[in-house]
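Just so it is clear, the structure is predicted and the values come from calculations on it, not from any experiment. Every chain is numbered from 1 and lettered A, B, ... according to where its sequence line falls, protein lines coming before strand lines.
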Amino acid sequence: MIRTQIPDYDAHAIEEKWQRVWEETELFKTEEDPSKPKRYVLEMFPYPSGDLHMGHARNYAMGDAMARQARMAGYDVLHPMGFDAFGLPAENAAIKHHTQPGTWTEKNMATSLATMRRMGFSYDFDRLVRTCDPSYYRWEQWLFLKMWERGLVYRKTSPVNWCPSCQTVLANEQVVDGACWRCGSVPERRELEQWYLKITDYAEELLNGLDELTGWPERVKQMQRNWIGRSEGANITFALANEEGDPTERTFTVFTTRPDTLFGATFFLLSPEFAGLGELVDDTHRKEVDEVCEIAASASSFERQATEREKHGAFTGRYVVNPVNGRLLPVWVADYVLTDYGTGAVMGVPSGDERDFQFARKYGLPIPPVVVEEDDPLYAELKDETELVVEDVDWDHAMAAEGRLVQSGPFTGMKGGHGSEAVSAIISWLGERGLGEAKVEWRLRDWLISRQRYWGTPIPAVHCPHCGIVPVPEEELPIVLPASLDLAAGETLAECPEFYETTCPVCGGPARRETDTMDTFCDSSWYYLRYCDPHNDEAPFAPEAAARWMPVDNYIGGIEHAILHLLYSRFWTRVLRDFGMLDFSEPFTNLLCQGMVKDEEGRVMSKSLGNVVPPASVIKPYGADTMRMAVLFVAPPVKDFDWDPKAVAGCNRFIKRAWRLVFELAGEGWPEGGVEIDPTSLTGADADLNHELHSLGLRSTRDYERAQYNTAISAIMELANAATSYLSNVPEEARNSALMALVARDLVALLAPICPFVAEELYHEALGFETSVYDEPWPSFDEAQAATSEVEIAVQIKGKVRARITIPMDIPKDELEEKAIAAVADRIGSATIRKVVTVPGRLVNIVC
RNA sequence: GCCCGAGUGGCGGAAUGGCAGACGCGGCGGUCUCAAAAACCGCUGACCGCAAGGUCGUGCGAGUUCGACUCUCGCCUCGGGCACCA
């Protein structure tokens, strides 16, 4: 190969060429080679709302760099892609444009696929999964039936969040800051019968499992912990008092995390929605109680949950008996008591709870201290009092949680607080008398999965007037969505007789098909399993296929899924494990939450702000390689960054520089007999370049392995800089062409995961190889060759650098110290050296 | 209120307890050019100094250490999660 001139870098021609070659040669088809270690690299699949945006480009550039590097490093890599294709935006677009959601979705998927190909992402497109395909959602319906069989699916009527704009109910997780996660409208509370998945059965396991997820970011685990919300405490039984003040058979149970404050209870609270409240209320108090119930009902769930909201309550005219001291507690209804947490009834301990304190102050109820800090003067006064002698205090807040019990009968003097000795003592006292027991409560509620929308997976159930609600038999799956609906005219599944008219699978009589569809988060709760075996038409996936590829080794996606998708997927994985289909519990071993791409002013990119930078605006002038490098280089993967056109231009500049450099280094191409370098024979600039090659190669490799692409690229740039100065400092006749060819090849290999097109082109056209650079093993860099013969040592006096000396790497320690002391002799003067600390290859610290 | 994370030049950001600011952007100076762009070369934390050199410097304050951006404790600020969850 004789070259007279370096060709120009023509990104578009190169990218089009290699995109075609890779497809023709099926380079990225999953190998399925069991002799290699497996690596499952997965990026969260997109919702096809149009074309891909910058966030997708960043997300997928990371996953692609990881997958390509892993492949070169010898792994059998699974790197699939798909579409989360069901969802409301498609329906809204269909209504607006008088078309079908499927048509709109198909178009967007095609557009997105074209961009993925243009970006050079190394997906195995044979494994493409689209959740709107009946071949996919058939198995979701099948899994639903299995869960139903196992009692994990149920229906219940309860107050739910109804989004008036989306015209459907929402899961708890989908109400964010009191608003619909999708459209931002404030949901209404409606009493409806809906389908639920029993995620609470797995609450404990989902919580504890987080501790073993060492490959997950701490903040994501913390968000899930907060969401699951475990509280340890006790259920305590209070009996309703009769007119004489004696306990009756009618009892109420409360949950409390502070049983140690039981002696301080001075009232008893029921939520406005408490079942049976109506019959309980004394007629003379009914009016006030009804008013409180009305206030509660009229407030939106958002208002009702605001911390600053004033509390409202009314006395019911009834009393309960405090089981521990027989004291009569007035029963009130209060709007700050939640219906769907604990039992809907609460004991009021105003000295120990800020909310109860405010309530007591407002309604003039007594506030006796029961847990007092030892350095509080009140403690000295009350420490031996077992009976209630002080009924009220003049603080303006409830007391601190920690302290010692006073005025608390036999428990007086014990340590109180969360998990204290007083807590366990009172629980066992109550337990012995059948009045209470230890109890754990969870903030997590069951997952409401039914949606009153068309574009989703139909719930496989039939409503029969005789047999009730019955499952669709497995053989009848999939229940396919009808294509004939006129959504623009407001038609819904519930108004489509072709869909809902059916017969009961049990009695054969006429029946009505369920017309609710499943939450789209069900679709994304198991797609990563389908990728392992995407064409299976006898099961969602073969257990052996999942065993080969799962769990996902590296999952990459946005932090916005920290709770919803990532919690639901952990739940489904456990359910499938319990079906015997999987033998592990956690689907995602390592999680990388990439930061957001914001605009130049640091604002979120959005259509409404009109500040969206489409990937095409970079690809057009610069090409896909520049685009990929830019999103990886400009910031560490987990951090947000503000879009900077100058930084993009800088990346393009580097690619062009690397292009010329590799051609110059490669000369007439990779030598026919290969390259054999004897490191001991290298001297001067050659030795320096060889050293840079190995030390920077090692650094870049380590950064790839820990997914720090910004610094992996820095190291490549440094290597290019080193090679550039070699060329400008060493005259042509003195250059080591074998070494230069080696540097050229390794530079190309190091760049290949980030800039695949230019790397492949250089590998062929500059170096003259005929195979793909992705069939080249990852270069091996050598720690020994990374070391230099001479090294600069910092000489410190008491930790401050006072001189630098250059010494041979292998100099004995005492000789090094001697030289170091000599270098700073004038500064030491007559002072005595008390200590010398030497770190070989780095520094000498002299203490005097 | 509870919990988690983060604070380093003009900017994005580097630094297994061992020379703070790698790499890039921007800026300044130069080479090339009639000129400009591109490309290439050099300089670029602040302060003092003609210079050699010196002093300061990783949000603030202590501590551990021969040595702290890094570890410990106490604050401050910003970002995020949960929150009338008893």
Side-chain angles (χ1 to χ4, degrees), chain A residues 176-177 217-231 233 254-259 261 269 271 304-311 334-338 340-349 352-356 358-359 397 401 441-445 559 562-563 629-630 633-636 638-651 653-654 656-657 660 696 699 702-703 708 710-721 724-725 728 792-804 834-848:
Chain A
V176 179
D177 293 333
E218 192 52 43
R219 62 181 176 145
V220 174
K221 289 191 275 186
Q222 206 52 44
M223 279 161 83
Q224 293 211 356
R225 283 189 194 107
N226 281 346
W227 188 263
I228 296 167
R230 183 177 194 273
S231 289
V254 299
F255 172 72
T256 176
T257 56
R258 295 294 306 279
T261 64
L269 301 169
S271 81
R304 198 166 158 196
Q305 279 172 20
T307 319
E308 299 303 313
R309 183 173 158 82
E310 192 188 338
K311 293 164 179 46
D335 62 350
Y336 70 95
V337 179
L338 303 173
D340 54 355
Y341 182 78
T343 59
V346 165
M347 65 180 196
V349 184
D353 182 281
E354 190 57 37
R355 295 153 301 177
D356 294 346
Q358 286 171 22
F359 191 80
H397 280 289
E441 276 291 338
W442 303 87
R443 213 198 68 97
L444 184 71
R445 312 292 152 89
I559 187 76
I563 296 172
M629 186 170 193
F633 178 61
V634 82
V638 297
K639 288 198 77 168
D640 289 354
F641 73 78
D642 300 345
W643 186 251
D644 179 4
K646 296 234 176 72
V648 180
C651 289
R653 198 148 51 219
F654 174 74
K656 287 196 279 192
R657 199 156 75 79
R660 287 190 303 270
L696 292 167
R699 230 170 74 195
R702 267 196 290 269
D703 286 339
Q708 284 295 317
N710 55 327
T711 48
I713 295 168
S714 301
I716 298 169
M717 287 174 167
E718 284 183 69
L719 179 56
N721 291 347
T724 302
S725 53
S728 65
E792 194 186 68
I793 296 280
V795 183
Q796 299 182 328
I797 296 177
K798 292 216 300 216
K800 283 199 187 299
V801 181
R802 295 303 179 186
R804 292 170 216 277
R834 285 190 296 158
K835 190 172 179 184
V836 178
V837 181
T838 303
V839 183
R842 288 190 183 272
L843 58 77
V844 176
N845 189 15
I846 299 159
V847 189
C848 52

Please give, in whole Å, the distance from [N] [atom2] to [X] [atom1]?
X: A:Arg258; N: B:rA86; atom1: CZ; atom2: C1'; result: 11 Å
X: A:Arg355; N: B:rC85; atom1: CZ; atom2: C1'; result: 7 Å
X: A:Tyr341; N: B:rA86; atom1: OH; atom2: P; result: 4 Å
X: A:Arg230; N: B:rA86; atom1: CZ; atom2: C1'; result: 16 Å
X: A:Met717; N: B:rG24; atom1: CE; atom2: P; result: 6 Å
X: A:Met223; N: B:rG80; atom1: CE; atom2: P; result: 11 Å
X: A:Arg225; N: B:rC3; atom1: CZ; atom2: C1'; result: 10 Å
X: A:Phe654; N: B:rG24; atom1: CZ; atom2: C1'; result: 11 Å

Mind checking if [X] touches a base, just sugar-phosphate, or nothing, with heavy atoms under 4.0 Å?
X: A:Trp442; result: nothing
X: A:Glu792; result: base
X: A:Gly650; result: sugar-phosphate

For this session: Could you classify B:rG9 for me, syn or anti, using a glycosidic angle within 90° of 0 as syn?
Result: syn

Using the [atom1] atom as the point on both nucleotides, what is the distance between [M] and [N], in whole Å?
N: B:rC11; M: B:rG27; atom1: P; answer: 15 Å
N: B:rG57; M: B:rC48; atom1: C1'; answer: 15 Å
N: B:rA6; M: B:rC40; atom1: C1'; answer: 40 Å
N: B:rG7; M: B:rG21; atom1: C1'; answer: 16 Å
N: B:rA38; M: B:rU31; atom1: C1'; answer: 14 Å
N: B:rU65; M: B:rA14; atom1: C1'; answer: 25 Å
N: B:rA15; M: B:rG9; atom1: C1'; answer: 15 Å
N: B:rG42; M: B:rG67; atom1: P; answer: 38 Å

Quick one: does [X]'s side chain have a donor or acceptor within less than 3.5 Å of a partner on [Y]'s backbone?
X: A:Thr256; Y: A:Arg258; value: yes
X: A:Gln224; Y: A:Ala562; value: yes
X: A:Arg230; Y: A:Ile228; value: no
X: A:Asp356; Y: A:Val349; value: yes

With a 4.5 Å heavy-atom cut-off, do [X] and [Y] have their side chains touching?
X: A:Arg834; Y: A:Ile846; result: no
X: A:Trp442; Y: A:Tyr341; result: no
X: A:Val844; Y: A:Ile793; result: yes
X: A:Trp643; Y: A:Val634; result: no
X: A:Glu354; Y: A:His397; result: yes

Exercise. When you look at A:Ile713 and A:Phe654, which way does the side-chain contact (heavy atoms from CB on, under 4.5 Å) test go after all the steps?
Worked result: CA-CA 10 Å; A:Ile713 295 168; A:Phe654 174 74; 5.6 Å; no

Exercise. Between A:Asp340 and A:Arg219, which is nearer to the 5' end of RNA chain B once each is assigned its nearest nucleotide?
Worked result: A:Arg219

Exercise. If you find the nucleotide of RNA chain B closest to A:Trp227 and the one closest to A:Glu218, which residue's nucleotide is nearer the 5' end?
Worked result: A:Glu218

Footprint string ([range], 5' to 3'): B base within contact, S backbone only, - free, heavy atoms under 4.0 Å:
range: nucleotides 51-67 of chain B; answer: ---SS----------BS
range: nucleotides 36-47 of chain B; answer: ---SSS------
range: nucleotides 8-15 of chain B; answer: ----SSSS

For this session: Heavy atoms only: give me the nearest A:Phe359-A:Ala334 pair and the separation to one decimal.
Result: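 Scanning both residues, the minimum pair turns out to be CE1-CB, 3.9 Å.
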
Problem set entry | Closest approach of A:Val337 to A:Val346 (non-hydrogen atoms, all atoms of both residues) |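 Smallest heavy-atom distance, with atoms named: CG1-CG2, 3.9 Å.
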
Seminar exercise, completed: Paired runs of 3 or more consecutive Watson-Crick or G-U pairs involving RNA chain B, with both pairing distances under 3.5 Å, are B:1-7 with B:76-82, B:10-12 with B:23-25, B:26-31 with B:39-44, B:45-48 with B:53-56, B:59-63 with B:71-75

For this session: Go through the side-chain N and O atoms of A:Arg225 and A:Gln222 and say whether any donor and acceptor fall under 3.5 Å apart.
Result: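 Short answer, yes.
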
Problem set entry | Test side chain to side chain donor-acceptor pair (under 3.5 Å) applied to A:Trp227 - qualifying residues, sequence neighbours left out | A:Glu173

For this session: List in chain and number order the residues that pass side chain to side chain donor-acceptor pair (under 3.5 Å) with A:Asp703, two or more places apart in sequence or in another chain; answer none if no residue qualifies.
Result: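 Here the qualifying residues are A:Arg706, A:Thr711.
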
Any idea which of [options] is nearest the [X] side chain?
X: A:Glu718; options: B:rC84, B:rG5, B:rC23; value: B:rC23
X: A:Asn721; options: B:rG24, B:rG5, B:rC25; value: B:rG24
X: A:Arg443; options: B:rA86, B:rA83, B:rA20; value: B:rA83
X: A:Arg445; options: B:rG80, B:rC85, B:rA20; value: B:rC85
X: A:Asn226; options: B:rC3, B:rC25, B:rC84; value: B:rC3

Exercise. Do the side-chain N or O atoms of A:Tyr336 get closer than 4.0 angstrom to the phosphate oxygens (OP1, OP2) of B:rA86?
Worked result: no

Exercise. Is NZ or CZ of A:Lys311 both nearer than 6.0 Å to the six-membered ring centre of A:Tyr336 and within 45° of the ring axis?
Worked result: yes

